[in-house]
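Heads up: the structure comes next, in structure tokens.
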Amino acid sequence: MTQTSQPKNFAHEMIEDSNPTNNLDFQTVISRRLQRRSLLKGGAGLTAAAFFGALPLVGCQSDEGDNLIPAGGDNQAAVPASGSLSRPEALKFNAVAHSTAAQMSVAKGYSAEIILPLGTPLMPGLEDWRDDRLQSAESFEWRVGDNHDGMWFFGKQGSSYHPKASDNGLLVMNHEYVNSEELSPFGYKVLDNNNAAPIFQKRRLASDVRREVNCHGVCVAELQKRSHGRGYELVPVSKYNRRITSSTVTQLSGPVAGSDWVKTKFDPTGHQTRGINNNCGAGLSPWGTYLTTEENFVGVFARGQDDSKLTAAQNYGRARYGANPNFAGNGYFWHTPAAGEAIFEDEFSRWDMTAVAANATEDYRNNFNTFGYITEIDPFDPRSVSKKRTALGRFAHENCAYAPVVEGKPVVFYMGDDARGEYIYKFVSSALWSNKDIGGGLKAGDKYMDKGTLYVAVFHEDGRGEWRALVYGQNSLDSTNSELPFYGQDEVLIFARAAADALGATKMDRPEWVSVSPITGEVYVTLTNNKYRGEKSDQPLSASNPRSYHVGGKARGNNNGHIIRWAETGGDHAATSFEWDIYLFAAPYDLAAENLSALTAKNDFSSPDGLYFDPRGVLWIQTDDGAYTDTSSCMLLAALPGKVNDGAPITTSANQASFMGKTASEDTIKRFFVGPKGCEVTGITLTPDFKTLFVNIQHPEESWGAVAGGSTPRSATVMITKDDGDVILAESVNQA
Ligand code: FEO
Ligand code: CA
Ligand code: CA
Ligand code: CA
């Protein structure tokens, strides 16, 4: 037995590059420097802003011009307004300095505390985490998982969701992946098995695989405000506390359910699968359920040399999602423990997508196709079976953000596919919104998420854009499609990337989180970085991905990332055209040629990832960076964006024309928090009373705080509160 060392964040860094197209911009650009028209001028129809759910309605005052529509307009029926919090005119807290310390730092006047670290028991009778890691693998079905990511705080009153309740709530959060080295008592232990076929060259211990599988997924934890009134504690005995792991049975819902492409030995009818995996960003539905996402699921699968049993289309479909023949995933080897060690049928073999049997219903060749979806969870119904909402497409989902809902209009969700050169999507429901569905649980999800149209974004060079529909039978999405013929909507959705290729979607610099401004209704997406942009021929520069530069003599493409935004035509989120610009370019403040947004030492950052507009319209930006971490660890910034077209046309150092928003100032973007060394700062949710801001810390490098304790650097949630008990950013709001 040998021990192989494994890079700390090896799974997370599995960033695919499986987009073979040359999509840049489908149509010839008629006039590259066409005078931009203010398609949205006047903001007609921007009812915007009244987010439902846990987002209380707030009034909004702004000095940014009369096109900014105040919140709290048409939708007040859904959630009664509480308070009169407005968006600050300027950020008045003291910026947090760059830091590479082992501990976190937060703005003066605030405190940051750790809660729910990896391994915390979610039921009585389990002992707490121990650094010798001798807790059983099985016990992790009832413990907080690893690498905390997207989350949402659901206010609770009695046994129901209450969007205004802050004293008691359910914190629902993702556990994206695992640091194998730090979970097992043996570290990352593998048996070398050199004579085996490539995908079986390493054999993992059954207990390690089981522990890792259980540390993925989602956790529901009931929290109670502490008696002194600031921050929360876990309710240790609660019927709501539970885990949904990479083994939990999950329903397939929508057009893919029952498709031949998802029939497996586990469910030959193709309606169920086991597990959710690589749950990254998160979202809330307008009716109050949790939307988790499946991102880098390809990393836990393996694929042998099975071409002879597969059609060319099947081979292409796998490769387009990163699984080529003789692929052993990302070093997890979950498929390798001996079958005799399984505690349920095919516990391990289900991660091997090789076609080994005569029929798809006798092996797990299709299991891969049952992952990669937005999954809906009702935290208030602990016995409910979560549903994979297949109508929203299958790709490396980052998060899922809904547009402000309007009675009688479709519900719209925005999503990104985080891999180099992948796309941005939106889903428009067929059903029209009714406020009566708030609190409707998974039944409301059946209504709004199983039928509708999935679109992919094309960003034209002239600052305009369009949405193209992924509908079987339209736009040559049929059996004539060259790379992958489509024979039904199930195939269009399972292979959404291939359908989007055919539609000429724009290849983006790794779309991460999406958030919609409650003030303008404009949609923001972090494009975290892309080292191949402008460096590989299939990732050419474009107006919407306009930077490529060298750092330290090495090509790094778009090394620091940017944030793009757009305004839908007429303010209608179901529109099929929009106008875009780049809100902000990330860069080290002293990298003059790339610091286009004029950042300073108080607000510079790199690799934006998590993104969240709070109900006041404050934009919170989180980073997942490796490019600037010699200067500062990953961080959380607060920002007060304007709107599309508030800046000017630019030309980047790579001689690419683009459109940039108003440059930054320390009044409008400022560093609020820096995480511990080696971490990613991710997952963000604000309680309805605005007094506790939760963020998540993934993979810190060292042990980083008293509560986490011990020698293992554990991922955990952080609660940020204001020392005087006031609302977060109260010092920035003019008290009336
Ligand atoms: Fe899990 Fe794209 O971050
Ligand atoms: Ca992450
Ligand atoms: Ca992310
Ligand atoms: Ca990231």
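Count residues from 1 along the sequence. Order of appearance sets the numbers: ligands from 1, and atoms from 1 within every ligand.
Look at K507 and E422 and you find no salt bridge, because none of the NZ, NE, NH1 or NH2 atoms lies under 4.0 Å from a carboxylate O. Of the charged side-chain nitrogens involved, none lies within less than 4.0 Å of a carboxylate oxygen, so that E141 and R243 do not count as a salt-bridged pair. The existence of a salt bridge linking D509 and R420 is excluded, since no basic side-chain nitrogen approaches an acidic carboxylate oxygen closer than 4.0 Å.
With a cut-off of 3.0 Å, the Ca ion (ligand 3) has an N, O or S atom of E512 in range. Counting backbone and side-chain atoms alike, E680 contributes an N/O/S atom closer than 3.0 Å to the Ca ion (ligand 2). For a distance bound of 3.0 Å, the N, O or S atoms of Y177 include none lying that close to the Ca ion (ligand 2). Counting backbone and side-chain atoms alike, D609 contributes an N/O/S atom closer than 3.0 Å to the Ca ion (ligand 3).
Remark: at atom 1 (Fe) of ligand 1, atom OE2 from E176 and atom OE1 from E295 enclose 80°, rounded to the nearest 10 degrees.
For E176, the N/O/S atom at the shortest distance from the Ca ion (ligand 2) is named OE1. Checked against the Ca ion (ligand 2), the N, O or S atom of D149 at the shortest distance is OD2. The N, O or S atom of E398 lying closest to the Ca ion (ligand 3) is OE2.
Using cut-offs of 30° and 60° for the angle between ring planes, the F371 and W351 rings count as tilted. Taking the six-membered ring for Trp and thresholds of 30 and 60 degrees, Y232 and F694 have ring planes inclined between 30 and 60 degrees apart.
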- request: Assess whether side chain to side chain donor-acceptor pair (under 3.5 Å) is satisfied between R510 and T528, documenting all intermediate values.
  value: CA-CA 6 Å; R510 296 186 52 204; T528 194; 5.3 Å; no

